[in-house]
Amino acid sequence: MNTLDEFNTITKNGHHYKTEFLLKNTPVYIANSLRRSFSSMVPTITFDDTYYDDIQSRSIRIHKNTSALHNEFLSHRLSYIPIKSEKTKYFKIESLQELSGDRTFKFSKTTPSLIFKLNKKNNKDMISHRDKLGLINVKTSDFIIESDYSEEINFSEFFQEDVFTKDNILLNKLKQDLSNEDGGEELQIDCIPVIGTGKMNSRNDPTGTVTYEMLVDESRVDSVFEQKKKYLNSERVQKGLPEFSPEEERQLKTSYNLLDKDRVIQTDIHGNPNMFKFSVESIGFMNPNKIINNGLSMLVISLKDIQNSFTYSKTSYDFEYNDKIEINTLDSTNVNEGYIIK
């Protein structure tokens, strides 16, 4: 029997934004590891709002901002723009494990230099773009991309429209200057893409939602209800009360279906849940199937990193480990015996 099954692709306005699948014959800790890896271990590309005194060290370089949003707020907003990470033509990612044990990511040397520029001003040239309040929108579609390529790169290569509204991400609004047609609020910003993971910062989480639910065992739902009814009736008899009337039984069944039915889950021979329905929704970094593939790959890489930190004896069960692994006994005040492994 396949472990992954019943893949269901969900689209809206021609965009594949969610994938559902069934994970079978798998313990719950593996299911939870997969959920966490999809959300926090997949490398994605964003703008980093970390502030450095040297402007050349910043990912987001605000040269001019006369809008209502102050620099820190605007920079934080820019950092949450999902940039498509599937374009290997523009983004080639390499990974390595540092001596500290941390896994880091960087662009390969063949990745072209990219600068995302926002230059917009609400002057007289923008009259046709103003709303009834005299404001103009600044969206991801206003980015101009400079690169090593000779041809012009369209913003749509990096920024996806909203799958429901089919609109680009709104970043800011600029006011006009009623006393000066050539005045008005202005933005001049350069942004450099960087790599990160959701484990380090939530802006790099490629998922809108990533969930799993245990499947109800429909073949046992009625029998479990009968067991519950039998137990409750025996309690009533012991207290000198009559058994449930047909109307009371109907109310009990309604309450059971609402509150307890979902607890009757499919399990293995040991009584542990082993069937899970996953839902993985993308917010625009990459296709949901790519999130699943990369999440599985990163989980395997993490396990390999742990495995490679141990050296096992060929003649006994003894082993040695390097500085990337830390093993301590549990606190003596704890009633349990065991080890903490970091």
Side-chain angles (χ1 to χ4, degrees), residues 40 42-87 89-95 102 104-109 111-123 126 135-149 152-162 167-175 184-208 282-286:
S40 63
V42 176
T44 56
I45 298 168
T46 59
F47 304 129
D48 186 355
D49 64 347
T50 303
Y51 179 83
Y52 300 99
D53 289 334
D54 178 16
I55 191 173
Q56 296 303 316
S57 299
R58 303 175 203 163
S59 170
I60 300 173
R61 304 165 186 176
I62 301 178
H63 303 291
K64 189 172 186 178
N65 173 26
T66 59
S67 72
L69 302 183
H70 57 73
N71 286 4
E72 290 77 11
F73 191 100
L74 181 58
S75 180
H76 185 67
R77 191 169 178 82
L78 290 168
S79 71
Y80 273 87
I81 302 173
I83 302 175
K84 292 181 185 179
S85 305
E86 294 179 296
K87 299 290 185 177
K89 176 181 178 181
Y90 304 115
F91 298 127
K92 295 181 180 180
I93 299 176
E94 296 178 349
S95 177
D102 295 327
T104 59
F105 302 89
K106 65 178 182 179
F107 292 117
S108 69
K109 295 180 180 179
T111 298
S113 174
L114 296 173
I115 302 177
F116 294 73
K117 290 181 172 290
L118 268 182
N119 295 315
K120 200 162 186 180
K121 183 177 183 180
N122 192 351
N123 54 23
M126 293 288 108
L135 302 173
I136 62 170
N137 294 328
V138 181
K139 300 182 178 182
T140 48
S141 54
D142 292 308
F143 272 109
I144 298 173
I145 297 94
E146 291 186 356
S147 72
D148 298 337
Y149 288 100
E152 182 178 342
I153 305 176
N154 191 276
F155 72 91
S156 61
E157 293 283 333
F158 302 99
F159 306 110
Q160 180 177 297
E161 295 177 343
D162 186 277
D167 201 359
N168 293 289
I169 300 172
L170 178 65
L171 305 175
N172 203 348
K173 288 179 177 285
L174 301 181
K175 300 175 184 177
E185 294 180 343
E186 183 179 4
L187 290 177
Q188 293 181 15
I189 305 173
D190 294 344
C191 299
I192 311 296
V194 296
I195 308 169
T197 60
K199 181 171 64 175
M200 304 305 297
N201 197 296
S202 61
R203 66 169 170 259
N204 291 101
D205 185 346
T207 62
S282 170
I283 61 170
F285 283 105
M286 60 188 73

Backbone N or O of Val138 within a donor-acceptor pair of the Asn172 side chain at under 3.5 Å?
no
What I'd like to find out is whether the side chain of Cys191 reaches to under 4.5 Å of the side chain of Phe143, using heavy atoms alone.
yes
As an exercise, state the distance from OG of Ser40 to CG of Asn201, rounded to the nearest 0.5 Å.
12.5 Å
To the closest 0.5 Å, what do you measure between OH (Tyr51) and OG (Ser59)?
14.5 Å
So, the side chain of Asn65 versus the backbone of Leu69: is there a donor-acceptor pair under 3.5 Å, distance only?
yes
Would you say the side-chain atoms of Glu185 pair up with the backbone N or O of Lys175, donor to acceptor, closer than 3.5 Å?
yes
Minimum heavy-atom separation for Ile195 and Pro43, please, with both atom names.
CG2-CB, 4.0 Å
Does any non-hydrogen side-chain atom of Glu161 lie less than 4.5 Å from one of Thr140?
no
Close side-chain approach of His63 to Ile55, heavy-atom, < 4.5 Å
yes
Would you say Ile189 and Leu74 make side-chain contact, with heavy atoms under 4.5 Å?
yes
Considering all heavy atoms, the nearest Gly284-Pro82 contact
C-CB, 4.2 Å
Can Tyr90 and Phe158 be said to form a ring-ring contact (aromatic ring centres under 6.0 Å, His included), step by step?
CA-CA 9 Å; Tyr90 304 115; Phe158 302 99; 5.1 Å; yes
Applying the side-chain contact (heavy atoms from CB on, under 4.5 Å) test to Leu114, which of Ile192, Ile83, Ile45, Ile153 qualifies?
Ile153
Counting only heavy atoms from other residues, nucleotides and ligands, does the tally under 6.0 Å from NZ of Lys199 exceed 12?
no
Does atom NZ of Lys84 have more than 12 heavy-atom neighbours, drawn from other residues, nucleotides or ligands, at distances under 6.0 Å?
yes
Using side-chain heavy atoms (C-beta onward) and a distance below 4.5 Å, is Ile169 in contact with Tyr80?
no
So how far is it from Glu86 CD to Gln160 CD, rounded to the nearest 0.5 Å?
9.0 Å
Could you tell me whether the side chain of Ser67 and the main chain of Leu174 form a donor-acceptor pair under 3.5 Å?
no
Quick one, Phe285 with Thr46, criterion side-chain contact (heavy atoms from CB on, under 4.5 Å). Give me CA distance, side-chain angles, the key distance, then yes/no.
CA-CA 9 Å; Phe285 283 105; Thr46 59; 3.5 Å; yes
For residues Asn204 and Thr44, is any side-chain donor paired with an opposing acceptor at under 3.5 Å?
yes
Determine yes or no for a side-chain-to-main-chain donor-acceptor pair under 3.5 angstrom, with Ser79 supplying the side chain and His76 the backbone.
yes
Asp148 (side chain) donor-acceptor with Ser113 (main chain) under 3.5 angstrom:
yes
Just to verify, which of Asp48, Ile62, Thr50 counts as forming a side-chain contact (heavy atoms from CB on, under 4.5 Å) with Ser75?
Ile62
Test item: Lys120 side-chain N/O and Asn137 main-chain N/O as donor-acceptor pair under 3.5 Å:
yes
Would one find more than 12 heavy atoms of other residues, nucleotides or ligands at under 6.0 Å from atom NZ of Lys106?
no
Output, in order, the C-alpha distance, side-chain angles, deciding distance and verdict of side-chain contact (heavy atoms from CB on, under 4.5 Å) for Glu157 and Ile145.
CA-CA 10 Å; Glu157 293 283 333; Ile145 297 94; over 6 Å; no
Please state whether the rings of Phe47 and Phe116 are parallel, tilted or perpendicular, taking 30° and 60° as the class boundaries.
perpendicular
So do Leu171 and Leu118 actually touch side chain to side chain, heavy atoms under 4.5 Å?
yes
Would you confirm whether Ser95, through its side chain, and Thr104, through its main-chain N or O, come within 3.5 Å as a donor-acceptor pair?
yes
Looking at CG of Asp190 and NZ of Lys117, how far apart are the two atoms once the value is rounded to the nearest 0.5 Å?
3.5 Å
Quick one: pull up CD1 in Ile136 and CG in Asn122 and give me the separation to the nearest 0.5 Å.
4.0 Å
From Thr66 OG1 over to Gln188 CD, what is the distance, rounded to the nearest 0.5 angstrom?
9.0 Å
Look at Arg77 together with Asp49 and state whether they make a salt bridge at an N to O cut-off of under 4.0 Å.
no
